[in-house]
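Working notes for the structure below.
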Amino acid sequence: MSSNLPPSLKAKILAQAKSEPALKRDAWERKSSLVLAAGMLISLAALLALGGVKIGARSGVYFSLVALFWTSLAFAGIKFGFGRGKSSVGASQLRLASLTLGLPVGALLTVTALSYVFPNEAIGAPRHDGACAVLSIALGIAPLAGYVLARRNTVLVRRRLTAASVGAASGTLGCMLMVLKCPCSELAHLLLGHVAPIVALAVLGALLGEKLLGRLTTSTVERAR
Amino acid sequence: VNALGYLPTYANAMGDWAWTSGWAFASRKNLHAVSGKSMGALGRSGSDEMKAAPVIATALDEAERSSLLPEDLAMNRYAQGEDDALEVIYDALAPKLYGFVMRRTRDGAQSEDLVQQTFLQMHKARGSFIEGSRVAPWAIVICKRLMLDGMRKQVRTRKHVDEGASQEDVADPREDAESLVFAKQLGQQAAKVLAGLPENQRTAFALIRIDGLSVAEAAELLGTSASAVKLRAHRAYVALEQQLGAAFDLRTATQAQTEGGGQ
């Protein structure tokens with residue numbers, strides 16, 4: 001079948017490639033990193049606009065541990081969820097699935113363990129499950145959008161799972177920020193307002209991943225026809 | 001499998017594959033030899049191969065992983081801005097991509113068009129190519145995506161392609177009509193067998209045997225290890241061998257009968 005390829009095709013492709021500008025790797029990576037960073041900075045700015053970090057009635061030790069565990073989780077999410085791995089067609093199914101499941105489970109274990117170790121932290125603070133959940137999702141949306149913008153036109157095989165894992169990573173980041181702001185330490189509140197949004201964003205990513213990451217910029221392609 | 005777009009075209013692809021790989025001419029006994037680089041080339045019985053497969057796969061794994069092909073290195077240079085490298089990539093990948101599309105569309109013009117689009121898309125996205133990764137899986141995914149987009153557009157505009165008529169069928173100069181028919185029948189039968197296999201085995205087999213990807217390339221595309229891909233492809237191969245063996249036996253018997261009657 002290879003012999004059926006006309007020799008003119010090669011010349012045509014080479015000529016078109018020369019005439020069409022395309023980013024080199026260093027420029028692409030710079031642009032991509034900037035977009036990803038912008039998504040995260042928007043979340044951070046939004047947190048500051050909402051009043052920033054509040055320790056409230058939480059003890060210093062408890063708050064430090066909360067900050068340490070949640071920051072570690074969010075860092076792991078960013079590193080493995082937003083990182084590109086070794087293959088141009090995306091990370092392996094195992095890695096993506098582990099991340100998608102691992103982050104909410106990690107958050108669940110963190111809040112449960114801390115509530116068990118610090119039972120008295122739960123007393124007194126006002127509880128707004130819905131508001132915290134909505135704000136956590138809102139804070140997670142910007143990094144997710146940043147990822148979609150930065151990675152559009154990359155070719156991923158497991159788009160749904162990739163988007164789910166990035167959704168979980170973004171959700172973890174959003175929830176981490178909200179946990180630092182929200183002084184309520186009741187386990188039920190933490191589960192509903194600060195862990196459930198991770199799942200919600202992972203599900204959102206899974207639902208929209210195919211569409212969001214499946215689009216190729218076709219300007220070049222259309223012109224070639 | 002559906003995600004990779006194989007299922008609807010198995011019968012045609014398997015027919016071609018059966019023809020080109022020599023299955024149509026092979027007797028059951030020398031199937032292993034015909035299969036070339038497969039683990040079946042060890043010439044053992046099916047169950048022995050199944051046991052031996054992981055060991056062999058592991059031994060070959062590291063060598064395959066560490067050895068990037070010239071086109072992979074060329075793509076890396078191209079991503080860094082060395083424009084001349086595109087020629088090397090074209091020479092290595094264009095036939096592969098053309099074969100990949102042709103087996104699915106059976107339309108020469110459309111296949112050329114898709115190869116062109118794929119290369120332009122690769123050019124456009126060259127900055128996103130990860131250093132050290134393989135270019136063939138990446139190119140095939142782009143090609144497949146463009147092909148599916150094109151098919152969707154065709155469906156939308158109600159331009160149905162006549163799947164039965166293909167330029168290749170008309171212009172094919174194959175002289176041995178009987179073997180051609182046998183290859184087609186074998187292809188259909190193989191497609192049926194493959195359709196009954198687990199998805200991971202079917203996909204691994206199709207990528208390596210039909211699309212001509214290396215084990216390492218298929219592993220990258222499937223997001224798993226080379227040894228896992230080998231094992232899956234091997235299992236599919238063994239299933240095919242078992243199922244199609246009867247067809248070979250029947251053909252051999254018929255041929256012997258015909259030759260005996262002729263004499």
Side-chain angles (χ1 to χ4, degrees), chain A residues 1-6 8-14 16-32 84-97 150-162 210 214-225, chain B residues 3-4 16 20 75-76 78-84 86-87 90-91 94-100 102-103 108 111-113 115-135 137-142 144-146 149 167-168 219-225:
Chain A
M1 281 184 183
S2 59
S3 58
N4 293 350
L5 272 172
S8 60
L9 184 64
K10 182 177 178 180
K12 207 154 99 180
I13 288 171
L14 294 178
Q16 275 176 332
K18 258 186 191 162
S19 65
E20 185 78 29
L23 290 180
K24 293 172 193 168
R25 185 184 286 138
D26 51 354
W28 186 89
E29 280 177 352
R30 212 168 27 243
K31 188 181 163 191
S32 177
R84 296 192 67 213
K86 289 176 185 170
S87 170
S88 293
V89 294
S92 71
Q93 198 164 352
L94 181 68
R95 173 176 153 161
L96 296 172
R151 297 285 189 262
R152 69 187 165 160
N153 238 18
T154 55
V155 187
L156 303 168
V157 179
R158 288 159 283 277
R159 295 189 291 280
R160 200 178 285 273
L161 198 49
T162 302
E210 201 74 23
R215 210 168 278 266
L216 292 175
T217 306
T218 52
S219 60
T220 322
V221 170
E222 291 298 336
R223 252 178 276 150
R225 282 179 177 168
Chain B
L4 285 164
D16 280 351
T20 52
M75 186 63 220
N76 188 43
Y78 190 58
Q80 287 169 335
E82 196 181 304
D83 290 344
D84 295 342
L86 184 59
E87 210 170 330
Y90 178 91
D91 289 339
K96 211 177 254 188
L97 290 173
Y98 183 74
F100 178 84
M102 191 68 184
R103 276 188 285 275
S111 302
E112 274 174 40
D113 191 33
V115 169
Q116 187 183 356
Q117 290 174 41
T118 304
F119 274 99
L120 292 177
Q121 192 63 48
M122 284 166 70
H123 162 71
K124 190 90 177 161
R126 68 176 175 172
S128 67
F129 183 78
I130 295 176
E131 187 177 358
S133 67
R134 293 172 195 278
V135 67
W138 188 58
I140 279 183
V141 174
I142 293 176
K144 192 209 89 189
R145 189 88 59 82
L146 292 168
D149 285 352
Q167 289 176 359
E168 260 207 352
E220 185 160 333
L221 189 58
L222 298 174
T224 185
S225 67

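This structure is a prediction, so every number in the text was calculated from the model and none was measured. By convention in this document, chain letters (A, B, ...) are assigned in the order of the sequence lines, proteins followed by strands, and residues within each chain are numbered from 1. In what follows, every heavy atom counts, from backbone to side chain, and hydrogens, waters and symmetry copies are set aside.
With a 4.5 Å cut-off on side-chain heavy atoms, A:Q16 and B:Q116 count as touching. Between B:R145 and A:V155, some side-chain heavy-atom pair lies under the 4.5 Å cut-off. Annotation: side chain of B:R126 is in contact with side chain of A:K24 (closest heavy-atom distance under 4.5 Å). Inter-residue side-chain proximity for A:K10 and B:D91 is flagged as met; some heavy-atom pair is nearer than 4.5 Å.
In this structure, B:H123 NE2 and A:K18 NZ are separated by 11.0 Å, a value rounded to the nearest 0.5 Å. The CZ atom of B:R134 lies 11.5 Å from the OG atom of A:S88; values are rounded to the nearest 0.5 Å.
The minimum heavy-atom distance linking B:K124 with A:P21 is given by the pair NZ-O, 4.2 Å. For the pair B:I130 and A:R25, the tightest heavy-atom approach, listed with the atom from each and the gap, is C-NH2, 4.0 Å.
Interface remark: A:A17 contributes backbone and side-chain atoms alike to the contact with chain B (heavy atom separation under 4.5 Å). If you measure heavy-atom distances from A:I13 to chain B, the contacts under 4.5 Å come from both the backbone and the side chain. Heavy-atom distances place the backbone of A:K86, and not its side chain, under 4.5 Å from chain B.
For A:R95, the side-chain contact (heavy atoms from CB on, under 4.5 Å) partners are A:F80, A:A91, A:S92, not counting sequence neighbours.
Ranked by heavy-atom pairs under 4.5 Å with chain A, the list B:A125, B:S133, B:S128, B:G81 is led by B:S128. For the options B:F129, B:F119, B:Y90, B:Y78, heavy-atom pairs under 4.5 Å to chain A are most numerous at B:Y90.
A donor-acceptor pair under 3.5 Å links the side-chain atoms of A:R158 to the main chain of B:L222, judged by distance alone.
Other residues, nucleotides and ligands contribute only 12 or fewer heavy atoms inside 6.0 Å of the CD atom of A:Q93.
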